[in-house]
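The sequence lines fix the lettering, A, B, ..., with proteins before strands; numbering per chain opens at 1. In this text the structure is predicted, and so the values were computed from the model without any measurement.
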Protein chains: 2
Amino acid sequence: MSSSASIGSVAIQQRRERERAERHQLIVDAARQLAETEGWEAVTTRRLAERVEYSQPVLYSHFKGKDAIVRAVAIESFGVLAEQLRAARTAHAEPAAALRALAVAYLDFASARPALYEVMFVRPTDLAFGTSEAPAPLRAAFGEILTAVQPLAGGHDLETLTEVVWSALHGLATLTSGQRLRPAQHQARLDLLLGRLTG
Amino acid sequence: MSSSASIGSVAIQQRRERERAERHQLIVDAARQLAETEGWEAVTTRRLAERVEYSQPVLYSHFKGKDAIVRAVAIESFGVLAEQLRAARTAHAEPAAALRALAVAYLDFASARPALYEVMFVRPTDLAFGTSEAPAPLRAAFGEILTAVQPLAGGHDLETLTEVVWSALHGLATLTSGQRLRPAQHQARLDLLLGRLTG
DNA sequence: TCGCGCAGCTAGCACTGCTAGATCCTTCGA
DNA sequence: TCGAAGGATCTAGCAGTGCTAGCTGCGCGA
């Protein structure tokens with residue numbers, strides 16, 4: 001029966017694509033998990049292959065190289081961050097409170113998930129940012145900050161002010177993670193920053 | 001003649017120590033030069049050894065490991081940055097102008113010498129910072145920012161405000177270097193930041 | 001001038017990212 | 001039902017990494 005045979009081949013191909021997609025995600029998950037528990041220097045192709053219970057070359061049938069795997073983790077993480085920023089922002093009606101909650105959420109993400117923050121913002125990557133080619137989760141994360149800043153922009157250019165706010169948060173996040181700021185003054189710094197930038 | 005012999009041995013030992021110190025500096029210079037021209041991924045022990053015209057093991061008689069060489073470059077660079085910040089700050093009598101010049105000098109350093117800035121502030125290192133064990137050039141660099149901020153601190157805690165200013169500059173520096181901010185708005189961001197933080 | 005001590009080298013280990021080529025298993029057509 | 005074709009997967013290996021054990025030969029002191 002040629003008809004059932006062709007139906008079968010389509011179903012089989014679909015199943016294969018589904019299995020491939022699952023394994024693709026398995027690799028990304030393993031990389032993220034390994035990085036979060038042991039740091040990015042522990043993420044090697046051999047250890048990754050061992051985790052997903054396949055040989056190394058399989059990784060290269062899914063990704064062009066190790067960098068592409070790391071990039072996939074980064075893009076996924078932008079989605080997580082965007083979601084958390086949104087939750088924090090929308091939990092407050094008052095603009096100043098919303099921005100503050102968003103800022104706290106941003107810094108919490110950076111300190112709670114340093115490996116993810118590192119690969120998203122610190123490690124030099126060729127991820128497009130400003131352009132329209134930037135991945136959607138990435139634009140979403142920036143959009144969250146922008147939305148929170150908007151009601152407080154006053155006479156300033158919204159996008160410029162957003163860039164400044166983001167830069168300051170990023171600076172606080174990375175210097176804090178590098179233990180270069182006095183931990184006890186964490187909240188005082190944030191208060192001072194937000195009070196001055198959007199007072 | 002035992003006296004001349006012992007004098008000779010002292011002189012010889014001094015010469016050896018001098019030569020060792022010169023070679024020590026030669027290694028640090030080679031590492032810095034290699035990093036600035038080809039990036040830190042090009043700084044390998046083999047290429048470094050080739051540059052200084054010795055075999056690899058010689059590096060390990062001077063430094064505990066590759067990390068120690070990189071750290072030496074970082075510490076040296078803190079001295080350079082501190083000097084440039086000082087020059088910019090002392091060139092202006094008016095406090096706001098002095099702080100602005102210092103900020104511009106900071107961002108210029110980051111963009112003109114990205115490899116140095118990276119190893120000083122971006123790469124995760126175990127360099128002590130807040131403590132008194134921090135290397136002198138490192139404390140000097142922070143002190144320059146603090147001195148420039150001081151006249152404009154107003155009612156705020158000086159050290160906290162300095163940390164915030166530094167964080168914001170650091171954020172601008174790293175996000176700019178990663179091409180994540182709109183280049184054309186560079187000056188607008190700095191104006192906005194300084195105006196708000198120390199207005 | 002001789003012998004010692006140590007500076008510096010050669011060679012190699014265990015690891016890295018990545019890939020060529022062999023192998024086996026699945027699927028399809030006769 | 002069976003053989004052949006195709007592709008998915010693995011083994012083995014390359015060139016490079018940081019680092020070190022152990023040999024060698026030179027320079028100094030007596």
Side-chain angles (χ1 to χ4, degrees), chain A residues 1-24 26-27 30-31 34-35 38-73 119 123 125-126, chain B residues 1-24 26-27 30-31 34-35 38-73 119 123 125-126:
Chain A
M1 289 190 284
S2 68
S3 65
S4 74
S6 68
I7 289 175
S9 83
V10 167
I12 285 170
Q13 198 171 346
Q14 284 179 340
R15 191 211 63 204
R16 279 185 175 163
E17 282 176 13
R18 194 182 62 235
E19 286 175 352
R20 254 192 93 74
E22 282 170 4
R23 201 172 56 178
H24 183 102
L26 195 65
I27 294 170
L34 205 45
E38 305 185 39
W40 283 106
E41 76 281 357
V43 181
T44 70
T45 56
R46 280 170 181 79
R47 292 202 60 183
L48 221 42
E50 192 185 10
R51 281 270 181 125
V52 299
E53 298 178 317
Y54 282 94
S55 66
Q56 297 162 275
V58 167
L59 303 178
Y60 294 88
S61 74
H62 285 272
F63 300 91
K64 193 172 181 182
K66 187 191 161 187
D67 285 355
I69 301 176
V70 175
R71 208 160 30 233
V73 174
V119 82
R123 285 190 162 216
T125 65
D126 50 1
Chain B
M1 288 190 286
S2 68
S3 66
S4 74
S6 68
I7 290 175
S9 83
V10 168
I12 285 170
Q13 198 171 344
Q14 284 179 340
R15 191 211 64 207
R16 280 187 174 163
E17 282 176 13
R18 194 181 62 235
E19 287 175 352
R20 253 193 89 76
E22 282 170 3
R23 201 172 57 180
H24 183 103
L26 196 64
I27 293 169
L34 205 45
E38 305 186 39
W40 284 106
E41 75 282 355
V43 181
T44 71
T45 57
R46 281 170 180 78
R47 293 202 59 182
L48 220 43
E50 192 185 11
R51 281 271 180 122
V52 299
E53 297 177 319
Y54 283 94
S55 65
Q56 296 162 275
V58 166
L59 303 178
Y60 293 87
S61 74
H62 285 272
F63 300 92
K64 194 172 182 183
K66 187 192 162 186
D67 284 355
I69 301 176
V70 175
R71 206 157 35 230
V73 175
V119 83
R123 284 189 163 215
T125 66
D126 49 1

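Residue B/R23 is in sugar-phosphate contact alone, with no base atom involved, counting any heavy-atom pair closer than 4.0 Å across all strands shown.
Atom CH2 of A/W40 is separated from atom C1' of C/dG17 by 16 Å (rounded to the nearest Å). Atom CD in A/E50 sits roughly 15 Å away from atom C1' in C/dT16 (whole-Å rounding).
Note that CD of B/Q56 and CD of B/E50 are 10.5 Å apart. Values are rounded to the nearest 0.5 Å. B/K66 NZ to B/T45 OG1: the interatomic distance, rounded to the nearest 0.5 Å, is 7.5 Å. Here B/L59 contributes atom CG and B/I69 contributes atom CD1; the two are 5.0 Å apart, rounded to the nearest 0.5 Å.
Across every non-hydrogen atom of B/A31 and B/V73, the tightest pair is CB-CG2, 3.9 Å.
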| query | Given B/Y54 and B/I27, is the side chain to side chain contact (heavy atoms under 4.5 Å, CB included) satisfied, shown in steps? | reply | CA-CA 10 Å; B/Y54 283 94; B/I27 293 169; over 6 Å; no

| said: Working note: A/R18 + A/E22, criterion side chain to side chain contact (heavy atoms under 4.5 Å, CB included); need CA distance, chi angles, decisive distance, verdict. | reply: CA-CA 6 Å; A/R18 194 182 62 235; A/E22 282 170 4; 4.1 Å; yes

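A heavy-atom distance below 4.5 Å is not found between the side chains of B/E19 and B/R23.
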Taking only N/O atoms, report every protein-nucleotides 4-6 of chain C pair under 3.5 Å with atom names and distance.
none

| message | For a quick check, with a 4.0 angstrom heavy-atom cut-off, what is the B/S/- contact string for nucleotides 10-20 of chain D, read 5' to 3'? | response | BB-B---BBBB

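Looking at residues two or more places apart in sequence or on another chain, you find no salt bridge (charged side-chain N to carboxylate O under 4.0 Å, His left out) involving B/R20.
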